[in-house]
Amino acid sequence: MKVVVLGTGHVGLVTSATLAKIGHEVVGVDSDPQKIAQLRKGEAPFFEPGLQDLLDEVIKKGSLKFSETATDAVPGSDVAFICVGTPGRPDGEANLLAVEQAAHDIAKHATGDIVVVQKSTVPVHTAERVKTTMSRTSPHVFHLVSNPEFLREGSAVEDSLKPERILVGADEKEAHRIVRELYSPLLNDDVEYHATDLRTAELAKHACNAFLAMKISFANALARICEAARADVVSIADIMGSDSRIGRAFLNAGLGYGGYCFPKDVAAFRAQAERLGFDFGLLTEVMKINAGALDAAFLKVKEAVWNLEGKRIVLFGLAFKPGTDDVREAPALYLAERLREAGAIVVGHDPQANETAKELMSSIEVFDDPYEAADGAHCVVICTEWSEFSDLDLTRLKGIMTHPVIVDGRNVFDPSTMEEAGFTYLPTGRPPVNL
Ligand code: UDX
């Protein structure tokens, strides 16, 4: 099929490349000329394992092309995907301006009936709004589909080519038939295909993300209790996770969740519930506990180094999670800001996200070499659980730091190893060592 994808960010680009890989003719459209120029040179504009190879393959095959405007990309398309950003407004509601613009662009340039698939995470009833916008712009018929993405950054290509499940919401049988045909090369016994109505699909996506965020906040609340009780939150998570009804994933206490999805999606879910007349207080607590995880890490640094003024604090890990260079809503950057406001000298190191961190926070000095970053440091804070940090030469690190102090915001290390290595070690939700 001929497919046009509006938005070539983490979701849109991976979706475009996946659809091209499975045999469709795809044009990716983005209003950012710099991004399109990079893509036309065959360069992935962000780090994602496997993405550059996938792009090389489908661009060489000629099944994925890029355009700055919908003008020449939409005409003749069978399916149009809306993969634009839906950032949060101050009141938590999703900002749907880009979605409305995409809907208008598709309608304006459509040369016949077209299936319109919204993949961006949007509040319930957005599809109806999109349909109304398009009907006001064009005489053609637009078949609306909600097809939320479940890609995790750091494994987006894998999640896209081998999805656990595909969720498709539509109120018309023909729209369901077309989208199922579109995805048919991906379907096998390992993929759960959920076909439902538009509103259910829109809400299900928010439910999934909010539940995962709630699970993380439950672990972080446990961490606060364990710190007070001197118990071990990692062991508790292991014990809980051995119950198949709970599951171990997403029970890692740490600096809290960040990224472009969870923070905005939890706020947007709470806002739309309120708009529908339900006070989703549970999500208010999820957000509060998440903020508290960052506070706890800040207080640990203060507890470990005493006065912060003039102290060199090194953040190991700047990306919001390992496997990506994405620093949007990264706990590390919020922690850096808090520490700088308290007078500390904050520097950082990340295996992938040094450049993106500097773009977002020009004041942070970043180092490609972790030992250079830690030279003379009064404290190292582990903010992202990159596997590189587990392999650090602790003897070398101890020798170059002013004081051998590590605050482990992601429980990367084993406390007994840190005790043997002679560090003052403050993990998350576990008893401190040599404090
Ligand atoms: C998430 C959802 O997992 C994915 O299904 C959805 O499509 C998009 O949003 P993503 O934001 O890429 O994916 O990353 P994820 O792996 O979910 O982590 C989100 C945040 O939670 C990260 O900051 C991570 O560090 C944090 N996290 C995750 C924890 O703090 N503890 C955990 O146990 C798991």
Interatomic distance, R430 atom CZ to D232 atom CG [nearest 0.5 angstrom]: 4.0 Å
Ring center gap for Y425 and F423 short of 6.0 angstrom: no
Salt bridge present between K131 and E128 (N-O < 4.0 angstrom): no
Cation over ring face, R165 and Y193, 6.0 Å, 45°: no
Approximate separation, where rounding is to 0.5 Å, of L392 CG and W386 CH2: 14.0 Å
Validation row: V117, V79 side chains within 4.5 angstrom (heavy atoms): yes
Nearest heavy atoms of L64 and G28, plus distance in Å: CD1-N, 4.2 Å
Side-chain touch T417/L394, heavy atoms, less than 4.5 angstrom: yes
Sole residue of R338, R224, K300 in salt bridge (charged side-chain N to carboxylate O under 4.0 Å, His left out) with D295: R338
Stepwise side-chain contact (heavy atoms from CB on, under 4.5 Å) test for V29 and T69: CA-CA 6 Å; V29 178; T69 64; 5.5 Å; no
Exercise: identify the closest heavy-atom pair between M1 and I178: CE-O, 3.4 Å
R40 to F66 six-membered ring, cation-pi geometry met (6.0 Å, 45°): no
Distance-minimising heavy-atom pair for I364 and A336: CD1-CB, 4.2 Å
Check against side-chain hydrogen bond (donor to acceptor under 3.5 Å, both in side chains), E329 and Y257: CA-CA 9 Å; E329 297 296 308; Y257 57 77; over 6 Å; no
K358 and E365 ion-paired at < 4.0 Å: no
Aromatic plane relationship, F269 with F280 - under 30° parallel, 30 to 60° tilted, over 60° perpendicular: perpendicular
Worked verdict on D190 versus K162 for salt bridge (charged side-chain N to carboxylate O under 4.0 Å, His left out): CA-CA 8 Å; D190 299 331; K162 294 181 185 155; over 6 Å; no
Pair E57-K21, salt bridge (charged side-chain N to carboxylate O under 4.0 Å, His left out): steps then yes or no: CA-CA 8 Å; E57 178 192 337; K21 165 95 176 164; 3.1 Å; yes
Smallest separation among heavy atoms of T86 and V122, with atom names: CG2-CG1, 4.0 Å
Stepwise salt bridge (charged side-chain N to carboxylate O under 4.0 Å, His left out) check, E158 with R152: CA-CA 9 Å; E158 178 77 10; R152 292 162 300 168; over 6 Å; no
Contact summary for L335 and C383, nearest pair of heavy atoms: CD2-SG, 4.1 Å
Sidechain N-carboxylate O distance under 4.0 Å for E274, R270: no
Test: K215 cationic atom under 6.0 Å from F211 six-membered ring centre, within 45° of axis: no
More than 12 heavy atoms from other groups under 6.0 Å of CG on D243: yes
Value rounded to 0.5 Å, distance of NZ in K119 from CG in N147: 3.5 Å
Close aromatic pair by centroid cut-off 6.0 Å: F46 and H10: yes
Atom pair NZ (K35) and CD (E43), whose distance is rounded to the nearest 0.5 Å: 14.0 Å
Ring-face cation of R328 near Y260 (centre distance under 6.0 Å, axis angle within 45°): yes
Neighbour count above 12 (heavy atom, 6.0 Å) for D391 CG: yes
K2/D78 ion pair, N-O < 4.0 Å: no
Atom pair OG1 (T384) and CZ (R410), whose distance is rounded to the nearest 0.5 Å: 6.5 Å
Minimum heavy-atom distance A80-I106, with the two atoms named: CB-CD1, 3.8 Å
Note, V99 side chain near T126 side chain (heavy atom, < 4.5 Å): yes
Spacing of H349 atom NE2 and Y371 atom OH [to the nearest 0.5 Å]: 9.0 Å
